[in-house]
Amino acid sequence: MSDSFDVIVIGGGPAGYPAAIRAGQLGLSVACIDGWKNYDGTYAFGGTCLNAGCIPSKALLESSELYHRATAEFAVHGIKTGAVSMDIAAMQKRKAGIVKASTQGILALFKAAKVTPLTGHGRLLANRQVEFTAVDGTKKTLSAKHVVLASGSTPAKLPGVPFDGDRVIDSWGALELAAVPKRLGVIGAGVIGLELGSVWRRLGAEVTVLEAMDAFLPMADGQLAKEALKHFTKQGVNIRLGAKVSAAEVGKDGVTVRYTDKSGEQALVVDRLVVAIGRKPYTEDLLAEGTGVVLDPRGFIVVDEHCHTGAENVWAVGDVVRGPMLAHKGKEEGVMVAERIAGHHAEVNYRAIPSVIYTAPEMAWVGLTEEEVKKSGRAYKVGSFPFLASGRARAMEATGGFCKVIAAVDDDELLGVHIIGPMAGELIAEAVLALEYSASTEDLQLTMHAHPTLSEALHEAALAVDRKAIDFPNR
Ligand code: FAD
Ligand code: NAD
């Protein structure tokens with residue numbers, strides 16, 4: 001192996017591996033260093049997303065949703081099943097298989113793009129040299145014309161609530177549970193709390209989510225958040241807002257969680273406690289003295305809009321830099337950086353990053369919320385369409401939720417799209433494309449949508465913006 005590369009990427013998650021692959025496709029010599037170690041001691045590329053995040057969580061969401069449908073929804077279709085039971089070991093085995101196929105797929109992609117995978121630890125030295133420590137402890141100094149830092153993030157810790165890997169766990173631990181806890185506590189009603197809380201609730205756990213903020217999903221459109229809370233409550237997910245957790249003690253009867261709310265000091269006893277209060281950028285042992293790379297006060301690597309750090313030809317992408325901690329945001333940044341290293345023009349459109357929460361109903365949005373538009377002072381118009389009025393949603397027994405389109409009054413510019421309902425995460429792609437092309441609501445209105453599809457709901461919401469909806473009364 002050569003010790004010198006055009007590009008060395010440190011971190012093989014969804015930000016780092018696309019950077020490496022695109023750079024390889026562009027004819028550059030590339031190495032990608034990753035040190036992710038699984039519980040069973042094996043090493044795997046793919047980072048948080050493939051090993052302990054997006055992919056395993058969606059596998060469990062799918063299994064638990066199917067179980068829920070079999071127990072609660074099949075009968076209405078006339079399907080008689082008898083007693084339905086859940087084999088948690090089989091569910092976890094399926095998930096592990098999906099994770100393994102996905103992580104091994106990265107090595108195949110690296111081979112096709114001529115990227116050299118290096119399993120171990122990478123540390124940036126001055127002048128774009130990289131100290132690589134292989135898993136057997138041997139060290140080597142590599143050099144590169146460009147270095148891309150993609151070291152990702154780790155779960156934030158709550159002082160007073162230390163992880164013990166058994167009763168008090170992080171999101172990775174919550175993905176690996178071997179049995180359904182009777183009482184599951186979750187700290188944080190964010191994306192992780194809601195997705196993983198939903199998984200274990202559907203499988204039978206009593207789930208209580210403690211959320212410090214008084215508002216539920218404050219980053220989402222208010223109407224969407226209100227609708228979501230209604231559904232979670234109906235599903236029996238007990239969400240306590242304004243509940244600030246300060247401590248937890250592990251005892252023989254479970255974990256006692258101490259929190260304060262507007263009535264004062266409270267305690268909750270659960271069998272397992274998941275701490276999901278956000279994630280922190282990860283830069284431990286990443287930067288030697290004199291690299292010129294600067295961290296901000298919250299620990300993120302400081303970069304410009306093109307993900308270039310303060311050090312010449314050193315770039316940083318993904319969760320370790322500002323912006324939402326989302327796999328697709330990291331991927332776009334990784335690809336942009338590879339393109340720019342190869343001398344091409346490339347940008348990331350940070351105004352069109354979709355958010356998806358994979359619960360049931362699913363939630364997805366892009367652009368501005370109604371609250372943000374109101375605050376901006378720009379005159380706006382809104383159109384909504386409920387899935388209750390969608391023939392496809394009715395056929396699917398999935399009529400909860402709506403599509404909402406927000407547009408500017410002056411030039412009809414599409415400002416935001418908010419969807420809660422079946423397949424929201426798939427439907428939002430049309431809205432992302434519309435924002436990317438700076439579409440107007442009229443563009444959406446004039447686009448033919450197949451019938452009967454869920455996408456018609458978005459079309460009707462766009463029509464409703466100008467009181468032209470056909471399948472629902474315009475108000
Ligand atoms: P990471 O995925 O964290 O990868 C960084 C990699 O770098 C790791 O493998 C790490 O071991 C390695 N590394 C770090 N330092 C070094 C070093 N010095 N040397 C060698 N290797 C190093 N996002 C979505 O968009 N959709 C989802 O549905 C979604 N679901 C999620 C569910 C859960 C439970 C969690 C926890 C997260 C989820 N996310 C989701 C967020 C998503 O996983 C992250 O945004 C994404 O993984 C960030 O990618 P990254 O490449 O920046 O970092
Ligand atoms: P989050 O920021 O979404 O939510 C954390 C929640 O914890 C917040 O609502 C916060 O108010 C609350 N909190 C903080 N301290 C608390 C305390 N002491 N007591 C009670 N509540 C407290 O973070 P997360 O859910 O941990 O997710 C981390 C990251 O992973 C997010 O940035 C998210 O984008 C990403 N992620 C994305 C997806 C997806 O795209 N579907 C899925 C999972 C995770």
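Fair warning: this is a prediction, and the values are worked out from it, not measured in the lab. As the structure lists them, so they are numbered: ligands from 1, and atoms in each ligand from 1.
Of the polar atoms of Tyr358, none of the N or O atoms is found under 3.5 Å from an N or O of ligand 1, judged by distance alone. At a 3.5 angstrom cut-off on N or O pairs, Val245 counts as close to ligand 2. In terms of polar-atom proximity, Asp319 is counted as a contact of ligand 1, with an N or O under 3.5 Å from an N or O of the ligand. Considering backbone and side-chain N/O of Ala212, one or more are found under 3.5 Å from N/O of ligand 2. The N/O atoms of Glu195, backbone and side chain alike, include one that comes under 3.5 Å of an N/O atom in ligand 2. Of the N or O atoms in Thr48, one or more lie within a sub-3.5 Å distance of an N or O in ligand 1. On a distance-only criterion, Ala327 and ligand 1 share at least one N/O pair closer than 3.5 Å.
Listed by number with element, the atoms of ligand 2 under 4.0 angstrom from any heavy atom of Leu210 are 20 (C), 21 (N). Ligand 1 places these atoms under 4.0 Å from at least one heavy atom of Tyr282: 14 (C), 15 (N). Close approach to Gly47 involves these atoms of ligand 1, each under 4.0 Å from a residue heavy atom: 2 (O), 4 (O), 8 (C), 9 (O). Numbered from 1 in the order shown, with element, the atoms of ligand 1 that lie under 4.0 Å from a heavy atom of Gly35 read 20 (C), 21 (N). Within the listing of ligand 2, atoms 41 (N) sit less than 4.0 angstrom from a heavy atom of Tyr358. Atom numbering of ligand 2 starts at 1 in the shown order; those under 4.0 Å from a heavy atom of Arg279 are 28 (C), 29 (C), 30 (O). Here is the list of ligand 2 atoms found below 4.0 Å of a heavy atom in Leu158: 18 (N). Proximity to Val356 (heavy-atom distance under 4.0 Å) selects the following atoms of ligand 2: 39 (C), 40 (O), 41 (N). Proximity to Gly318 (heavy-atom distance under 4.0 Å) selects the following atoms of ligand 1: 52 (O). For ligand 2, the atoms sitting less than 4.0 Å from at least one non-hydrogen atom of Met213 are 11 (O), numbered in the order shown with element in parentheses.
Remark: minimum distance from atom 13 (N) of ligand 2 to any protein heavy atom is reached at Ile277 CG2, 3.8 Å. Ranking the protein heavy atoms by distance from atom 20 (C) of ligand 1 puts Gly120 O, 3.3 Å first. Among all non-hydrogen protein atoms, the one lying nearest atom 51 (O) of ligand 1 is Ala15 N, 3.0 Å. When hydrogens are left out, the protein atom nearest atom 19 (N) of ligand 1 is Gly122 N, 2.9 Å; that is the closest non-hydrogen contact. Regarding atom 28 (O) of ligand 1, its nearest protein heavy-atom neighbour is Lys58 NZ, 2.7 Å. For atom 26 (O) of ligand 2, the nearest protein heavy atom (residue, atom name, distance) is Gly278 N, 2.8 Å. Nearest non-hydrogen protein atom to atom 1 (P) of ligand 2 is Gly190 CA, 4.1 Å. Of the protein's heavy atoms, Gly188 CA, 3.2 Å lies nearest to atom 7 (O) of ligand 2. At the shortest separation from atom 7 (O) of ligand 1 among protein heavy atoms lies Gly11 CA, 3.2 Å. The protein non-hydrogen atom at the shortest distance from atom 44 (C) of ligand 2 is Ile192 CG1, 3.2 Å. Of the protein's non-hydrogen atoms, Asp34 OD2, 3.5 Å is the one closest to atom 8 (C) of ligand 1. Among protein heavy atoms, the minimum distance from atom 3 (O) of ligand 2 is reached at Val191 N, 3.3 Å. Ranking the protein heavy atoms by distance from atom 53 (O) of ligand 1 puts Gly152 CA, 3.1 Å first. If you check which protein heavy atom lies closest to atom 35 (C) of ligand 2, you get Met325 O, 3.4 Å. For atom 8 (C) of ligand 2, the nearest protein heavy atom (residue, atom name, distance) is Glu211 OE1, 3.5 Å. Gly53 CA, 4.0 Å is the protein heavy atom nearest to atom 37 (C) of ligand 1.
Using a 4.0 Å cut-off between heavy atoms, Val320 makes no contact with ligand 1 at all. Within the 4.0 Å heavy-atom criterion, the part of Ser57 lying near ligand 1 is the side chain and not the backbone. Contacts of Ile192 with ligand 1, taken as heavy-atom pairs under 4.0 Å, involve the side chain alone. Under 4.0 angstrom from ligand 1, there are no non-hydrogen atoms of Arg123. Counting heavy atoms closer than 4.0 Å to ligand 1, residue Phe45 contributes nothing at all. For Ser153, every heavy-atom contact with ligand 1 shorter than 4.0 Å involves the backbone, none the side chain.
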**Report entry** CA sep, side-chain torsions, deciding dist, call: Arg22, Tyr17, side chain to side chain donor-acceptor pair (under 3.5 Å)
**Finding:** CA-CA 9 Å; Arg22 189 66 194 126; Tyr17 86 75; over 6 Å; no

Query raised in the report: Stepwise, does the salt bridge (Lys or Arg N to Asp or Glu O under 4.0 Å) test hold for Asp271 with Lys182?
Result: CA-CA 7 Å; Asp271 300 302; Lys182 187 169 178 313; over 6 Å; no

Report task. For His231 and Glu227, run side chain to side chain donor-acceptor pair (under 3.5 Å): C-alpha distance rounded to whole Å, both residues' side-chain angles, the deciding distance at 0.1 Å, then the answer. Result -> CA-CA 7 Å; His231 286 277; Glu227 175 79 8; 2.9 Å; yes

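Using a 4.0 Å cut-off between charged side-chain N and carboxylate O, Lys375 and Glu371 make no salt bridge. Under the 4.0 Å criterion applied to side-chain N and carboxylate O atoms, Arg322 and Glu333 are assigned as salt-bridge partners. Ion pairing between Arg240 and Glu211 fails under the 4.0 Å rule for side-chain N and carboxylate O. Under a 4.0 Å N-O distance rule, the pair Lys58/Glu62 does not qualify as a salt bridge. Arg258 has a carboxylate O that lies under 4.0 Å from a charged side-chain N of Glu249, or vice versa, which qualifies the two as a salt bridge. A salt bridge links Lys404 with Asp221: the closest approach of a Lys/Arg side-chain nitrogen to an acidic carboxylate oxygen falls below 4.0 angstrom.
The closest non-hydrogen atom to atom 34 (C) of ligand 1, taken over Ala19, Ala52, Gly46, Cys49, comes from Ala52. One option in Ile187, Leu326, Ile357 has a heavy atom closer to atom 40 (O) of ligand 2 than any other, and that option is Leu326. Comparing Cys54, Gly330, Gly13, Pro14 against atom 49 (O) of ligand 1, the shortest heavy-atom distance belongs to Pro14.
Ligand 1 lies less than 4.0 angstrom from a heavy atom belonging to Arg279. Judged by the shortest distance from any of its heavy atoms, Ala243 lies inside the 4.0 Å radius around the atoms of ligand 2. By the 4.0 Å heavy-atom criterion, Leu286 is counted among the residues contacting ligand 1.
Within 6.0 Å of the NZ atom in Lys95, the count of heavy atoms belonging to other residues, nucleotides or ligands exceeds 12. The environment of Tyr39 atom OH is dense: over 12 non-hydrogen atoms of other residues, nucleotides or ligands sit within 6.0 angstrom.
Applying the side-chain hydrogen bond (donor to acceptor under 3.5 Å, both in side chains) test to residues at least two apart or on different chains, the pairs with a partner in residues 416-433 are Glu430-His449.
Between the His68 side chain and the Leu203 main chain, no donor and acceptor come within less than 3.5 Å of each other.
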